[in-house]
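Order of the sequence lines fixes the chain letters, A, B, ..., with proteins taken first and strands second; residue numbering starts at 1 for each chain. Quick caveat: nothing in here was measured; it's all calculated off a predicted structure.
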Amino acid sequence: MLALIDGNNFYVSCERVFKPSLRGRPVVVLSNNDGCAISRSDEAKALGVKMAQPHFEFRHLEEQEGLVSLSANFTLYGDMSDRMMSLAAGLGAAQEIYSIDESFVDLSGIPGDLRGRARSVRERILQWTGIPCCVGIGPTKTLAKLANYIAKTAERKPGSYPPLQAQVCDLSALAPNEMNALLASTEVGEVWGVGRRIGEQLREGGVITALDLAHLDPATVRRRWSVVLERTVRELQGLPCIDLDDAPAPKKEIACTRSFGHPVRELPPLIEAVSEFAARAAEKLRRQGSLAGLVLVFAHTSPFRPGPRFARSLTVPLRRPTSDTAAITQAAVLGLECLFEPGFDLAKAGVMLLELCDDSVMQGELDLEVEVGRERGRLMHAVDVLNDRYGKGTLRLASTGAVGEQREWTMKQRRRTPQYTTDWRQVPVARA
DNA sequence: TCTGGGGTCCTAGGACCC
DNA sequence: TCTGGGGTCCTAGGACCC
């Protein structure tokens, strides 16, 4: 048996902990550059603000309806998440932290009243952190997610589900007919794993509710769609297909990308931005104890605006796997200089670190450069510690140094950015 | 004027090998 | 004129998640 614990309107709830005057008011938290809504209070949802809706489309509600729009404070949300997660872990034996505001907890072997236990953990989280949560319980991840959705919706929209299911919903405690009634009241698109595309196709085929989906034949679903959706159907039927992952593997790719507040046309500010992205990505890389073999850098114009389009990416191999900020920044800037072309209003750029490996792979090596690399590793570690203690960006590298030995290589297109094209066939390789 | 920033998994089809 | 077939690896692309 599994539980899914999820903070309600998480970013907004974090803000309300420190600004109680926001309670009861419509509030949204905005993305970087205040571009669009990424968290909405119930009151803001009731006003019709949609997830990821551009700010300019609902800004009028600030005057008309007293809507409060806040810039995001991700450091705060991360801290609040840590506190919430450690309390949620008390619900069972193992926990998988699934996102900043959600975790699955394994309830197998837990005796007694699961619902009562979930209620008291929920109360503790509310009391100790100020974050309201909902808990869904079910025999599979998909059913626990669905139960969580029911718990949230029953609370937010009275009449949508029986009031008994509000805040904590335990599907395992229900008789089959009660369970079916809940599934029949849930739109198919709300099921975990059914997105916009597949949701449309299902509805065209007359599959309207979660119960309809649960009644499909898994083999048919596999033939018509995929094994992914087949698993969803089986999980809805109560057969676990997705395991709890309480020791997630290190990330295989690490990215830092941003939309710009204003269009960028010149190379120098772009280099500045990309250097910052590279440094952030390298920090994340060191935090998980990995080295990167490739650095991908990209820049593109806005897909929403008219005018000439530009979209290119370039992968720059590092001479040897590294997590050194200077080497990674240098590679990113090198790639950027190769792909840049003046005359475009660039809206977004980013750096991705690829072909990651564990930093122990270099341990056996004895040559001088590796030794120098290790010294630099200790330096980078010291930088990270200081930045953790005194705040992001307290200590930064002043220069990435001169471009070292140059080697020719053949450009490789990445799958993630197929629309990107470039004439560059040869660029210098960066030194690790 | 103003449109997020991360990730993961699966599959089809081509390249290549024997 | 006839023109193998199966296995594996890699990549592009699609779909999903929060």
### Message
Assess, by modelled atom type and distance only, whether the side chains of Thr186(A) and Tyr161(A) contain a donor and an acceptor separated by less than 3.5 Å.
### Response
yes

### Query
Ile38(A) has an atom CD1; how far is it from atom P of dC18(C), in whole Å?
15 Å

### Task
Output yes when Lys145(A) and Glu102(A) qualify as a salt bridge under the 4.0 Å nitrogen-oxygen rule, no when they do not.
yes

### Message
Under 4.0 Å, heavy atoms only, any strand: does Asp101(A) hit a base, just the sugar-phosphate, or nothing?
### Response
sugar-phosphate

### Query
So does Lys251(A) get a side-chain nitrogen or oxygen closer than 4.0 Å to the phosphate oxygens (OP1/OP2) of dG6(B)?
no

### Task
Mind calculating the distance between CG (Asp345(A)) and P (dT1(B)) to the nearest angstrom?
13 Å

### Arg305(A) side-chain N/O to dT1(B) phosphate OP1/OP2 under 4.0 Å
no

### Task
In whole angstrom, give the distance that lies between atom CG of Leu4(A) and atom C1' of dC18(C).
11 Å

### Query
For Asn33(A) and Val228(A), take the nucleotide of DNA chain B holding the closest heavy atom to each; which residue's nucleotide lies nearer the 5' end?
Asn33(A)

### Task
Tell me what Lys141(A) touches on the nucleic acid: a base, only sugar-phosphate, or nothing, going by heavy atoms under 4.0 Å.
nothing

### Message
If I take atom CD in residue Glu253(A) and atom P in nucleotide dG6(B), what distance separates them, rounded to the nearest angstrom?
### Response
13 Å

### Message
Show me, range against range, the stems involving DNA chain B, built from at least 3 consecutive Watson-Crick or G-U pairs below 3.5 Å.
### Response
B:5-18 with C:5-18

### Task
Determine: side-chain N/O of Lys348(A) to OP1/OP2 of dG5(B), distance under 4.0 Å, yes or no.
yes

### Message
Counting the atoms with a prime plus P, OP1 and OP2 as sugar-phosphate, which does Arg231(A) contact under 4.0 Å by heavy atoms, base, sugar-phosphate, or nothing?
### Response
sugar-phosphate

### Query
Between atom CG in Asp243(A) and atom C1' in dC9(B), what is the gap in whole Å?
15 Å

### Task
Give Gln53(A) one of three labels, base, sugar-phosphate or nothing, depending on what nucleic acid heavy atoms sit under 4.0 Å from its own.
nothing

### Message
On DNA chain B, compare the nucleotides closest to Lys252(A) and Arg258(A); which residue's is nearer the 5' end?
### Response
Arg258(A)

### Query
So, does Thr129(A) use its side chain to make a donor-acceptor pair with the main chain of Leu126(A) at under 3.5 Å?
no

### Spacing of Leu70(A) atom CG relative to dG4(B) atom C1', expressed in whole Å
16 Å

### Query
Counting any heavy atom closer than 4.0 Å, what does Lys50(A) reach on the DNA or RNA strands: base, sugar-phosphate only, or nothing?
nothing

### Task
Among dG7(B), dC18(C), dT11(B), find the nucleotide with the atom closest to the side chain of Val227(A).
dT11(B)

### Query
Would Trp192(A) and Glu235(A) count as having a side-chain donor-acceptor pair, cut-off 3.5 Å?
no

### Message
Under 3.5 Å, is there a donor on one side chain and an acceptor on the other for Thr142(A) and Arg234(A)?
### Response
no

### Query
To the nearest angstrom, how far is Ile5(A) atom CD1 from dC18(C) atom P?
16 Å

### Query
What interatomic distance, in whole Å, is found between C1' of dC2(B) and the corresponding atom of dC18(C)?
24 Å

### Message
I'd like to know if the side chain of Glu187(A) pairs up with that of Thr209(A) as donor and acceptor (distance under 3.5 Å, no hydrogens or angles considered).
### Response
no

### Task
Under 4.0 Å between any heavy atoms, over every strand shown, what does Thr257(A) touch: base, sugar-phosphate, or nothing? Just pick one.
sugar-phosphate

### Message
Can you measure Arg224(A) atom CZ to dT11(B) atom C1' for me and round it to whole angstrom units?
### Response
16 Å

### Query
Any idea which of dC17(C), dG6(B), dC2(B) is nearest the Phe56(A) side chain?
dC2(B)

### Task
Under 4.0 Å between any heavy atoms, over every strand shown, what does Leu30(A) touch: base, sugar-phosphate, or nothing? Just pick one.
nothing

### Query
Of the candidate nucleotides dG7(B), dA15(C), dG4(B), which contains the atom at the shortest distance from the side chain of Ala255(A)?
dG7(B)

### Message
Checking Phe277(A) against Arg258(A) for the side-chain contact (heavy atoms from CB on, under 4.5 Å) test, could you report, in this order, the C-alpha distance in whole Å, the side-chain angles of both residues, the deciding distance, and whether it holds?
### Response
CA-CA 8 Å; Phe277(A) 302 158; Arg258(A) 293 279 182 282; 3.4 Å; yes

### Query
Quick one: is Ser31(A) getting a side-chain N or O under 4.0 Å of the dT3(B) phosphate, OP1 or OP2?
no

### Same-atom distance (P) from dT3(B) to dC17(C), integer angstrom
25 Å

### Query
Is the cationic atom of Lys141(A) (NZ for Lys, CZ for Arg) positioned less than 6.0 Å from the six-membered ring centroid of Phe104(A) and within 45 degrees of its normal?
yes

### Message
Does Val29(A) reach a base, just sugar-phosphate, or nothing at all? Heavy atoms under 4.0 Å.
### Response
nothing

### Query
Do Asp384(A) and Arg286(A) meet the salt-bridge criterion of a basic N to acidic O distance under 4.0 Å?
yes

### Task
Would you mind classifying the nucleic acid contact of Ile198(A) as base, sugar-phosphate or nothing, using non-hydrogen atoms under 4.0 angstrom?
sugar-phosphate

